[in-house]
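Worksheet: one structure, shown below.
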Amino acid sequence: MNRWRPAALIIPCVIIFGGILLRTILAYQNLGETGVSFRGFQAWIYYPTWTRLDPLVFGVALAAIEKFRPHWWHRLINCALWLWLPGLAVIAYALYLGEGDYINVAASIWQFPLIALGMAALLVCAVSPRLFFRRVAIPGAAFIASIAYSTYLIQKLVIHFVAQLCLSYNITQTSLWALLGVEICVYFAATILFLAIERPFLQLRHRISPRPSRADR
């Protein structure tokens, strides 16, 4: 990609439009009487990596712009004042698409990239010096960001555990207490996973990884 500069634009566009096309095909292949079947959606759209690549492009693109195109990045963060409201609106619309008792085709195709686009806009707002987000320290935000990957890994198991617990004690799974229980248990389990496994191995990797030489720098 470094040897052929147009690839920096062509490849991300291919991934984005390819992902939209792929989910469109899969959504119509798993279409039932009331929308996309839940089992088909999970098996062919939600879980596979290749159907979720296009949302990742936005984060990678921001990192690439900051690293290799600093003047573009400077212009982008200067536009943050006009990005936060559209970013929130895009996320709200994407979540609205997924509302309802059935999975519709539009949500299957557009929800992932729209949420990613809105989050990318909020990320620019968070690091821009023109907005107060960068200047205000939110207590606990750094730690929550640190355990985010552990949360992603453990949350499904914890949700099933809390759901079974609610059934055992006749607690409605959509009640406030059930939702609070899920949140608390997920972050508690993620903290244990992070402190017991992820952080020690990150520290080990840091100790044993070769240091760059002066020539590499």
Side-chain angles (χ1 to χ4, degrees), residues 1 4-32 34-69 72-128 131 133-134 141 144-145 148-156 159 186:
M1 290 178 63
W4 189 47
R5 295 184 66 180
L9 180 62
I10 294 173
I11 293 178
C13 290
V14 168
I15 295 175
I16 291 174
F17 291 108
I20 294 172
L21 178 62
L22 178 60
R23 285 193 300 274
T24 302
I25 295 171
L26 292 172
Y28 280 101
Q29 284 183 342
N30 293 276
L31 199 59
T34 56
V36 180
S37 70
F38 180 75
R39 185 177 297 274
F41 173 79
Q42 281 201 317
W44 295 103
I45 298 176
Y46 183 77
Y47 284 121
T49 303
W50 51 84
T51 57
R52 305 283 294 272
L53 287 178
D54 50 315
L56 299 177
V57 170
F58 297 104
V60 176
L62 288 179
I65 291 171
E66 182 185 18
K67 179 71 174 178
F68 300 109
R69 295 290 185 271
W72 291 9
W73 178 251
H74 184 69
R75 291 179 182 177
L76 190 60
I77 61 175
N78 281 338
C79 295
L81 189 63
W82 311 104
L83 291 178
W84 68 272
L85 187 57
L88 288 175
V90 168
I91 294 172
Y93 178 67
L95 295 176
Y96 168 76
L97 286 178
E99 286 295 315
D101 297 329
Y102 306 104
I103 302 172
N104 58 65
V105 174
S108 302
I109 299 170
W110 296 104
Q111 191 173 44
F112 300 145
L114 287 177
I115 289 177
L117 181 62
M119 290 294 182
L122 295 184
L123 178 60
V124 172
C125 296
V127 300
S128 173
L131 294 176
F133 300 110
R134 183 174 176 176
I144 292 175
Y149 188 62
S150 295
T151 304
Y152 166 73
L153 292 177
I154 201 69
Q155 49 96 17
K156 198 75 172 180
I159 289 173
V186 164

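Hydrogens, waters and symmetry mates play no part in the numbers below; they use all other heavy atoms, side chains included.
Atom-to-atom distance recorded for Trp44:CH2 and Leu22:CG is 10.5 Å, nearest 0.5 angstrom. Here the CD1 atom belonging to Ile15 is positioned 9.0 Å from the CG atom belonging to Leu56, to the nearest 0.5 angstrom. To the nearest 0.5 Å, atoms CG (Leu123) and CZ (Phe58) are separated by 13.0 Å. Note that CD1 of Ile109 is 10.0 Å distant from CD1 of Ile25, once rounded to the nearest 0.5 Å. The distance from the CD1 atom of Ile11 to the CD1 atom of Ile16 is 12.5 Å, given to the nearest 0.5 Å. Separating the CG atom in Leu31 from the CG atom in Asn104 is a distance of 10.5 Å, to the nearest 0.5 Å.
The side-chain contact (heavy atoms from CB on, under 4.5 Å) search around Val90 returns Leu114, not counting sequence neighbours. Taking the side-chain hydrogen bond (donor to acceptor under 3.5 Å, both in side chains) definition, one finds that Lys156 meets it with Tyr47, sequence neighbours left out. For Cys79, there are no side-chain contact (heavy atoms from CB on, under 4.5 Å) partners, not counting sequence neighbours. Applying the side-chain contact (heavy atoms from CB on, under 4.5 Å) test to Arg69 and every residue at least two apart in sequence or in another chain returns Arg5, Ile65, His71, Trp72. Remark: Tyr149 engages Tyr152, Leu153, Glu198 in a side-chain contact (heavy atoms from CB on, under 4.5 Å) (not counting sequence neighbours).
Minimum interatomic distance between Val57 and Pro12 (heavy atoms only, all atoms of both residues): CG1-CB, 3.7 Å. In terms of heavy atoms, Leu88 sits closest to Leu122 at CD2-CD1, 4.0 Å. Considering all non-hydrogen atoms of both residues, Ile77 and Ser128 come closest at O-OG, 2.6 Å. Of all the heavy atoms in Leu62 and Ala120, the pair that sits closest is CD1-O, 3.7 Å. Heavy-atom minimum distance, Pro55 versus Pro113: CG-N, 4.0 Å. Taking each heavy atom of Ala94 and Ile115 in turn, the nearest pair found is CB-CG1, 3.5 Å.
One N or O on the side chain of Arg134 and one on the backbone of Val127 form a donor-acceptor pair closer than 3.5 Å.
Contacts classified as salt bridge (Lys or Arg N to Asp or Glu O under 4.0 Å) and involving residues 104-116 (residues at least two apart or in different chains) are not found. Within the structure, side-chain hydrogen bond (donor to acceptor under 3.5 Å, both in side chains) pairs that include any residue of residues 78-94 comprise His74-Asn78 (at least two apart or interchain). Counting only residues at least two apart or in different chains, side-chain hydrogen bond (donor to acceptor under 3.5 Å, both in side chains) contacts with residues 9-31 comprise Arg23-Asp54.
Counting heavy atoms from C-beta on, the side chains of Trp110 and Ile20 come closer than 4.5 Å. Considering only heavy atoms from C-beta on, Ile45 comes within 4.5 Å of Phe112 through its side chain.
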